[in-house]
Amino acid sequence: MTPATDTPVEHTDVRTVGSTDALPIAPALGLSLDAARMPRKSTLVTRRILLISVLAVILGVVAAYVAQLLMLTINLITDLCFYGRVSDVIGPHARTGSFVLSPADNQLGAWVILIPVVGGLLAGVMARWGSRAIQGHGIPEAMEQILTNESNIPARITWLKPLSSAFAIGTGGPFGAEGPIISTGGAMGSLIGQLLRVTANERKVLLAAGAAAGMAAVFGAPVASLVLAVELLLFELRPRSLIPVALAAVTAVGVRYATYGAAPVFPMPDVLQPGGWALISFVLIGGLVGYASVWVTKAVYGVEDMFEKLPVHWMWWPALGALVAGFVGWIEPRTLGVGYDNIDALVQGHFGLTMLLIFGALKFVSWVIALGSGTSGGTLAPLFMIGGSLGAVIGIGINHFLPGFGIDPRIAALVGMAAIFAGSSRALLTAVVFAFETTRQPASLLPLLGGCTAAYLISALLMRNTIMTEKIARRGVKVPSEYAADYLEQVSVGTACSRNVTTLRTTQTLAEVRRWLADEASHTQHQGYPVVDEQGRVQGVLTRRSLLDPQWHYTLALGELLTRPPIAVTEDHSLREAADHMVAESVGRLVVVSKNDPHRLVGIITRGDILAAHARRLREARFKGRHIKLGKSEKPAGAA
């Protein structure tokens, strides 16, 4: 056993982090367990969650109003740049309710090409002399800070990101406003977590709460916002994170309802429950759109690679991408700006086949080049427009050749919208729940689930990284892709520890023990030995190195060498708790004692024992065997 350091240990953290069930401890045993430096099992959460939840609720309110302010700023810039006024947004004749002003009705002609360039140039300037972290669509940058920087987002991102996005989008950039708002909410949560004395895990929760609140405030989708935080930011499904994030999302939606009402963001006419053949068709549509999502993702990063090769400074790239967006916007003005009205048109079935083909293709070209140039803007709304157009086109095609299937093009568009997001980001549950919450059409749930699952399957088979992770994966950041239960939490120490333990007695002298060690028998080759008293009670552990240390006189008794209480776990602790305790105490092995008698030795658990416990997990994942054999059974011996 390696000797423990003298560094004070935060026992509270070891006892509360990572446990999943409670262990009642009798008051009479409390002193013994503390003396043995043993982790107690905890409840699911501690009282700290009350503080984090209060902060999350406050963050939800602030994020909701910041989201409204950002949308107002985007509308003001759009109104001023494309219509030369602000009366549509502020003043006695301003529009009321939640809306995004569309640049599609402008009368600027070819001059419209240059307006997005202004926004792109401003975004490039802010990135160069402010922070380059404002480039991109927000979520990958937040993921990187969570995974590599303990959720510490620079404070200046809190205002640089929304401001640069407002100029980029308000001047006609073909992006959604949700990405910058999610990023801004996350930055605010991180800022609060940096100003207060919290752990890195708590700061991550605050970041996710701010991000979820921002998304919920824009779309009125609290459940989807919570699931998005779990799938793309938290990388865990635990009460300590779910509770604050859920409260933040609910609070933000409450503010939205109080301000704008409770109507769905993308109102959709009532649709009939699809039949069996229609359901099969929607799954097929989801699979085809999922295949397209792979190529959409590759296109975005392919364009990024092309910009990297340009012989001009990266500050100018957003302006060049915006020039293409302006040119496409001159051809088809609907591709400019946020375009939430286009999503409305898709789910309401207002676009014909020709419009769907032209709009979907041009939106794809405009958005991919503009986003690949490194400007600031969201991906969700553009993906919805591209996927929705493609889904509606496929649905119309199936109806043309197989009219008996009864495909509703509006549901096909909705499935396409959700499927392209599920495929490109692999946030399956987020895509399904989001599409339902923003339209509130129960009949669409089954088609959404089937279509998004098919898209998820195709994407997982064909693409390693997603549109959210490719950028940071190229920087060497390992992004979790699966959220499985901790196997070590499922195995008790008692089933993995070594029970036939060689012990020493406190009354033995070093001379006696050293002669015993010199025999070089198998039981003398261990690196650590529990030391017990005359009654067999564990008093501590001595390492082989300490026993052979020449600074100790051979006449010393082993009891005189014990300078610290035993570092122990009970046999019903989990291997996760044991591993955490090893790290906290800087040791490589722990004494295992009885649950009912903390002085009675049960065994020793080492790092090697913890690693060996994974053998069962690997066997369950890799071994292919048949437990029930089909066919004729063998006849008993002696049968005719």
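- Residues Ser53 and Ile243 are in side-chain contact: their nearest non-hydrogen atoms beyond the backbone lie under 4.5 Å apart.
- By the salt bridge (Lys or Arg N to Asp or Glu O under 4.0 Å) test, Lys204 pairs with Glu236, sequence neighbours left out.
- Pairing each heavy atom of Ala418 with each of Leu448, the nearest pair is CB-CD2, 3.7 Å.
- Shown here are the side chain to side chain donor-acceptor pair (under 3.5 Å) partners of Asn465, two or more places apart in sequence or in another chain: Glu470.
- Here the closest heavy-atom approach between residue Thr438 and residue Ala221 is recorded as CG2-CB, 4.5 Å.
- Two residues are said to be in side-chain contact when any heavy atoms from C-beta on lie closer than 4.5 Å; Ser424 and Leu383 meet this criterion.
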> Could you go step by step and tell me if Glu202 and Arg197 meet the side-chain contact (heavy atoms from CB on, under 4.5 Å) rule?
Replying inline: CA-CA 10 Å; Glu202 291 169 339; Arg197 188 181 293 274; over 6 Å; no
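- Taking a 6.0 Å sphere around NE2 of His313, one finds it holds more than 12 heavy atoms contributed by other residues, nucleotides or ligands.
- To the nearest 0.5 angstrom, Arg334 atom CZ is 6.5 Å from Asp341 atom CG.
- Side-chain contact between Asn75 and Asp88: absent, with no pair of heavy atoms (C-beta onward) separated by less than 4.5 Å.
- Separating the CG atom in Leu55 from the CG atom in Leu50 is a distance of 11.0 Å, to the nearest 0.5 Å.
- Within the 3.5 Å criterion, the main-chain N or O of Ser151 finds a donor-acceptor partner in the side chain of Ser190.
- Between Trp295 and Lys298 there is a side-chain heavy-atom pair separated by less than 4.5 Å.
- Relative ring orientation between Phe219 and Phe434 is described as perpendicular, the plane-to-plane angle rising above 60° on a 0-90° scale split at 30° and 60°.
- Relative orientation of the Phe421 and Phe384 rings is perpendicular, given thresholds of 30° and 60° on the angle between their planes.
- At most 12 non-hydrogen atoms from other residues, nucleotides or ligands lie less than 6.0 angstrom from CZ of Phe327.
- Looking at residues two or more places apart in sequence or on another chain, you find no salt bridge (Lys or Arg N to Asp or Glu O under 4.0 Å) involving Glu437.
- Under the 3.5 Å distance criterion, the side-chain polar atoms of Ser366 are left unmatched by any main-chain donor or acceptor of Lys363.
- The shortest side-chain heavy-atom distance between Phe167 and Val125 does not fall under the 4.5 Å cut-off.
- Between the side chain of Arg156 and the backbone N or O of Gly130, at least one donor-acceptor pair lies under 3.5 Å.
- For the atom pair CZ (Phe82) and CD1 (Ile77), the distance works out to 10.5 Å, reported to the nearest 0.5 Å.
- When all heavy atoms of Pro244 and Ser241 are compared, the closest pair comes out as CD-O, 3.4 Å.
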>> Could you go through Leu310 and Trp316, starting from their C-alpha distance and side-chain angles, then the distance that decides it, and tell me whether this counts as side-chain contact (heavy atoms from CB on, under 4.5 Å)?
In response: CA-CA 10 Å; Leu310 290 179; Trp316 304 103; over 6 Å; no
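- A distance of 6.0 Å separates CG of Leu228 from CG of Leu233, quoted to the nearest 0.5 Å.
- Proximity of a side-chain donor or acceptor of Thr78 to a complementary backbone N or O of Gly170 within less than 3.5 Å is detected.
- Looking at residues two or more places apart in sequence or on another chain, you find a salt bridge (Lys or Arg N to Asp or Glu O under 4.0 Å) between Arg475 and Glu144.
- With salt bridges taken as basic N to acidic carboxylate O contacts below 4.0 Å, one links Glu141 and Lys471.
- Leu147 places a side-chain heavy atom less than 4.5 Å from the side chain of Phe235.
- In this structure, Tyr456 has no side chain to side chain donor-acceptor pair (under 3.5 Å) partners at least two apart in sequence or on a different chain.
- Summarising the geometry of Ala292 relative to Leu390, their closest heavy-atom pair is CB-CD2, 3.6 Å, with the distance given to 0.1 Å.
- When each of Val338, Thr379, Thr375 is checked for a side-chain contact (heavy atoms from CB on, under 4.5 Å) with Phe175, only Thr375 meets the rule.
- Counting heavy atoms of neighbouring residues, nucleotides and ligands inside a 6.0 Å radius, atom OH of Tyr83 exceeds 12 of them.
- A distance-only check finds a donor-acceptor pair linking the side chain of Ser459 to the backbone of Gly423 [under 3.5 Å].
- Side chain of Arg256 to main chain of Ala217: a donor-acceptor pair is present (N/O by atom type, distance under 3.5 Å, no hydrogens or angles).
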>> Applying side-chain contact (heavy atoms from CB on, under 4.5 Å) to Met385 and Ile343, what does each step give before you reach the verdict?
In response: CA-CA 6 Å; Met385 287 178 248; Ile343 298 177; 3.9 Å; yes
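- Between the side chain of Trp317 and the backbone N or O of Val312 there is at least one donor-acceptor pair closer than 3.5 Å.
- The side-chain heavy atoms of Arg240 and Ile52, taken from C-beta on, include no pair separated by under 4.5 Å.
- In this structure, Leu457 and Thr453 have side chains that are not in contact, with every pair of non-hydrogen atoms separated by 4.5 Å or more.
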> Under the side-chain contact (heavy atoms from CB on, under 4.5 Å) criterion, do Leu449 and Leu445 qualify, and how do the steps go?
Replying inline: CA-CA 6 Å; Leu449 183 59; Leu445 264 176; over 6 Å; no
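- Not counting sequence neighbours, the partners of Asp79 by the salt bridge (Lys or Arg N to Asp or Glu O under 4.0 Å) test are Arg85.
- Here the side chain of Thr251 pairs no donor or acceptor atom with the backbone of Gly60 at under 3.5 angstrom.
- Proximity of a side-chain donor or acceptor of Glu332 to a complementary backbone N or O of Leu362 within less than 3.5 Å is not detected.
- In this model, a donor atom of one side chain and an acceptor atom of the other lie less than 3.5 Å apart for Gln145 and Asn149.
- Separation of atoms OG (Ser425) and CD1 (Ile467) is listed at 8.5 Å; rounding is to 0.5 Å.
- Of the inter-residue distances, the one linking Ile49 atom CD1 with Leu247 atom CG reads 8.5 Å to the nearest 0.5 angstrom.
- When all heavy atoms of Gly109 and Trp330 are compared, the closest pair comes out as O-CD1, 3.4 Å.
- Of all heavy-atom pairs spanning Val347 and Met268, the tightest one is O-CG, 3.4 Å.
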